[in-house]
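What follows is a set of notes on a single structure, which appears directly below.
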Amino acid sequence: MFAADGIQITRVPSQHFGGRYGFDQLWKKTYGGYVVEYSGAAVYFAGDTGYNRPMFEEIGALAKLDLALLPIGAYSPPPIRHHHMNPQDALNALTDLGARAMLPMHHSTFILSAEPRKEPITRLRALAAMDPSLKVFFPRFGEILPVP
């Protein structure tokens with residue numbers, strides 16, 4: 001944990017790996033997420049992660065999360081799902097975390113896996129529309145988003 005000038009940053013686990021070349025031993029230490037708290041607000045940045053309910057419940061217990069930045073892409077083919085969430089996984093994580101709102105990330109910019117580039121955000125929009133109690137932000141690229 002890091003704390004200074006009223007800001008507190010806590011490194012939290014993720015379900016991923018950090019190696020890129022097969023022989024890279026740094027992977028054991030280079031991945032994770034962060035909970036950032038400042039002036040009564042708390043934001044969770046997941047980084048790359050697969051879905052892991054107990055892990056998300058534990059992270060949610062650290063602080064009353066106002067916003068969760070959750071990845072929704074790079075989930076196909078199925079073997080990489082262990083390390084990446086699909087849109088339904090992200091909504092489940094939002095609930096497990098107890099966060100007030102979600103901002104999707106890790107989608108639509110690069111072809112990272114087998115699903116079509118726009119599929120994750122399209123699926124998330126459809127799923128979020130089915131449950132109005134979920135607060136999911138869908139800003140345009142480059143848009144400044146005021147979060148209440």
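Position 1 is the first residue of the sequence; numbering continues from there.
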Legend entry - Distance-only side-chain donor-acceptor flag, Q88 / Y75, under 3.5 Å: no
Inset, instruction - Report yes if some heavy atom in the side chain of P71 is under 4.5 Å from a heavy atom in the side chain of T49; otherwise report no. - result: yes
Legend entry - Non-hydrogen side-chain atoms of Y34 and F2 separated by less than 4.5 Å: no
Legend entry - Qualifying residue for side chain to side chain contact (heavy atoms under 4.5 Å, CB included) with P87, from L127, T122, V136, L70: L127
Inset, instruction - Tell me, yes or no, whether the heavy-atom count around I111 atom CD1, taken from other residues, nucleotides or ligands under 6.0 Å, exceeds 12. - result: no
Legend entry - Exceeds 12 heavy-atom contacts within 6.0 angstrom, atom OH of Y38: no
Legend entry - Atom of H107, atom of P120 and distance for their closest heavy-atom approach: CB-CB, 4.1 Å
Spacing of [atom1] belonging to [X] relative to [atom2] belonging to [Y], to within rounding of 0.5 Å:
X    : Y   : atom1 : atom2 : result
M102 : L65 : CE    : CG    : 13.5 Å
D48  : M85 : CG    : CE    : 9.5 Å
Y44  : L69 : OH    : CG    : 10.0 Å
Q8   : M1  : CD    : CE    : 4.5 Å

Inset, instruction - Could you pull out all residues at least two apart from R53 that satisfy side-chain contact (heavy atoms from CB on, under 4.5 Å)? - result: Y51, E57, D96
Inset, instruction - Classify the ring geometry between H83 and H16 as parallel (under 30°), tilted (30 to 60°) or perpendicular (over 60°). - result: perpendicular
Legend entry - Joint cluster assignment, M55 & L94, ILVMFWY side-chain distance < 4.5 Å: yes
